[in-house]
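Note sheet for the following structure.
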Amino acid sequence: MGALVDDIRVIREENPFESMMSRFDNAAQLLNLDPDLYKVLRVPNREITIYIPVFMDDGRIEVFTGYRVQHNFARGPAKGGIRFAPDITLDEIRALAAWMTWKCAVVNIPFGGAKGGIICDPSQMSQAELERMTRRYTAELIDFIGPERDVPAPDMNTNEQTMAWIMDTYSMHARHTVTAVVTGKPIDLSGSRGRREATGRGLLCVTNEAVKKLGLKVPEARVVVQGSGNVGGTAARLLYETGYKLVALSDIHGGIYNAKGLDIPDVMQYLAKNNSLELYPRAEPVSNHELLELDCEVLLPAATENQITSHNADKIRCRILVEGANGPTTAAADEILERKGVFVIPDILANAGGVTCSYFEWVQDRMGYFWKEELVNERLQDIMVASFNDVVKYAESHNVNNRIAAYMLAIDRVAYITRVRGIYA
Ligand code: GLU
C-alpha cells in the first residue's frame, strides 16, 4: 500500500501539467487573481489531436498520433515548438503550451502560447518518412496555423529541415510562399541569423547577470551542463568562450567530468565524431544523475523535464540553477531549493532566448528585410537582461522566489489583456 501511494505521488510530481498548474495556482493566489479570469486562464484555448497515416519506406502504413495545444491567444498569435519523441503525452504538451504563454509574457513579446508533438521515434525513421509525417501533420493543421494564428518552431528532435517542410507544405496550400508561418527555418529560407544559437545565448545573458548579482567571478565560476544538444551544447560553448570553467557536460547516455575544466571545443569535436561522450579520454565518466549533484557555482539542466525532483533536490550543490530545458525541476523540488538558498533562473525566463529570436524572425519575415547577426544578438541581449531584472526586482519587492515572480509577472500581463479585450459572446 505504502509503495502504491509512493508511486502515485511520483506520477503526480512528474506530471509536467501538475507542476505547471501548482505554480500557476500559487501565483494566481498571490496576485489575488479575479476568480473569473482564473477560470479562463487555467485552461487551454484549444487542443487538437491528429492521427497521421504515413507510408513507411517498406510500403506499410503506420498511423502516428500528434497533438497541437493552443493555450492562449490574448497577446497575439500562439507560439511554440513541435517535438518528436516516443514518450510524448497530451498532458506534457498541455504544460509546455502553457509555459509558452507565460514565457512570451515574461519577455513581453506579442505572442500567446502553443506546443505540438508527434509520438514517434525519429531515430528509427528515415528522412523520407519524417518528411511525409511532418507534411501530413502540417496539412491536418492547415486551418489552425499561420503567421497570424499559430507559429510553430523547433523543439526536441525537430530542426531547421523540419521547419522548411512545414513552411513548404503550408505555402503549397496557400498557393504562395508564406515564410512567417514557422520560425527556426534555415537562414537561406528566410530564417533569422542567430536563431540557432539564441536559446544558448539567452542562457549566457541570464547567467552573466546572476553571477554579477551574487558577486561571483567568471573565471572561478564552475559550470555543469546537462545535455549537449542545440540548447546545452551551444550554452556550454558560449559560456566557455566567455571564460567560465565548464567542469561537466553530458549527453543522453551519460556525462563527463574534469575538475580542472573541460576543453569544450575538443569535447564537441569528439561528440560530433563519435556521436557519444562515452569514452572521452580527457575526463572521468559520471552518470546523468551524479552530474546534477556535482559541486559547482552554476548548474544548467538543458536536457528534459523532471531532472530535479523531491528525491534529489536536497543533494543539489550549485549556487545558481539556470533552467535551459522546459520543466527540469518539479514543483515539489522548488521548496527544497528555496530552503537551500539556490538562486533559480526559471525556465520561462532562462530559456526564452529561443522564442525571443523567433519573434525577430517573424518580424523580419513580415518586413521582408533581414538583420545583421550583431543586431539580432544585441536586441536579444537587451530583452534577456531587461526581463531578468524585471523578474528579480519583482521577486524582491513581493518577497517571493524568482519562479513565482516570473509566473506572477506573466499571469498579470495576460490577465490584464484578457480583461481589457473582454469575453466575446
Ligand atoms: N521550442 C522553444 C521553446 O520551448 C522555442 C519556441 C519558439 O521559438 O516558438 O521555447
Side-chain angles (χ1 to χ4, degrees), residues 16 20 67-73 75-85 88 92-118 141 145-147 149-160 162-163 166-167 179-186 190-203 205-206 227 229-232 234-235 301-305 322-328 345-365 376 379-380 383-384 387 406 410:
M20 188 282 296
Y67 305 108
R68 184 75 181 166
V69 174
Q70 297 176 325
H71 179 260
N72 194 281
F73 296 94
R75 293 169 46 88
K79 186 84 193 79
I82 295 173
R83 56 172 62 181
F84 294 166
I88 285 171
E92 177 192 9
I93 300 296
R94 225 178 239 146
L96 290 159
W99 277 325
M100 287 310 302
T101 302
W102 314 134
K103 192 185 298 187
C104 292
V106 168
V107 288
N108 222 344
I109 57 176
F111 289 132
K115 200 79 169 199
I118 304 180
L141 282 175
I145 59 173
R149 292 184 175 164
D150 177 3
V151 185
D155 199 81
M156 269 161 64
N157 298 325
T158 57
N159 54 28
E160 294 175 2
T162 325
M163 299 306 116
I166 296 176
M167 189 272 255
T179 55
V181 62
V182 277
T183 58
K185 298 179 294 294
S190 301
S192 175
R193 293 187 177 86
R195 174 64 186 86
R196 198 185 298 164
E197 285 192 331
T199 311
R201 189 169 291 282
L203 290 163
C205 294
V206 293
N230 185 43
V231 178
T234 307
T304 185
E305 291 115 62
V322 188
E323 296 185 333
N326 291 310
I345 313 180
D347 47 6
I348 56 173
L349 166 65
N351 71 33
V355 74
T356 301
C357 196
S358 278
Y359 166 52
F360 298 156
E361 181 171 334
W362 180 78
V363 168
Q364 291 170 78
D365 286 346
V376 171
R379 289 181 169 165
L380 178 64
I383 291 187
M384 293 308 295
S387 307

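Both counts, for ligands and for their atoms, begin at 1 and track the order of listing.
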Winner among A153, P154, A198 once heavy atoms are compared against atom 2 (C) of ligand 1: P154
Can you tell me if T183 uses its side chain to pair, donor with acceptor, with the backbone of E361 under 3.5 Å? no
Going by distance alone, is a donor N or O of one side chain under 3.5 Å from an acceptor N or O of the other, for R75 and N108? yes
M100-ligand 1 polar pair, N/O distance under 3.5 Å: no
Between the main-chain N or O of T179 and the side-chain N or O of K185, is there a donor-acceptor pair closer than 3.5 Å? yes
Which ligand 1 atoms, with their elements, are less than 4.0 angstrom from a heavy-atom of G80? 9 (O)
Kindly say whether I145 contributes a backbone atom to a donor-acceptor pair with the side chain of D150 at under 3.5 angstrom? no
So does P77 get a backbone contact from the side chain of R149, meaning a donor-acceptor N/O pair under 3.5 Å? no
Considering only heavy atoms, does N326 approach ligand 1 within less than 4.0 Å through its side chain, its backbone, both, or neither? side chain
Backbone N or O of R83 within a donor-acceptor pair of the N157 side chain at under 3.5 Å? no
Heavy-atom contacts with R195 under 4.0 Å: which atoms of ligand 1 show up? List them by number with element. 5 (C), 8 (O)
Nearest to atom 1 (N) of ligand 1, what protein heavy atom do you find, and at what distance? D155 OD1, 2.7 Å
Atom 8 (O) of ligand 1 [closest protein heavy-atom partner, distance rounded to 0.1 Å]: S358 OG, 2.6 Å
So for ligand 1, is N351 a polar contact partner (N or O within less than 3.5 Å, distance only)? no
Given 3.5 Å as the limit, does a donor-acceptor pair link the side chain of D155 with the main chain of G80, or not? no
Pick from K79, M156, M163, K103: the one approaching atom 10 (O) of ligand 1 most closely through a non-hydrogen atom: K103
State the atoms of ligand 1, each with its element, that fall below the 4.0 Å cut-off from a heavy-atom position in K115. 1 (N), 3 (C), 4 (O)
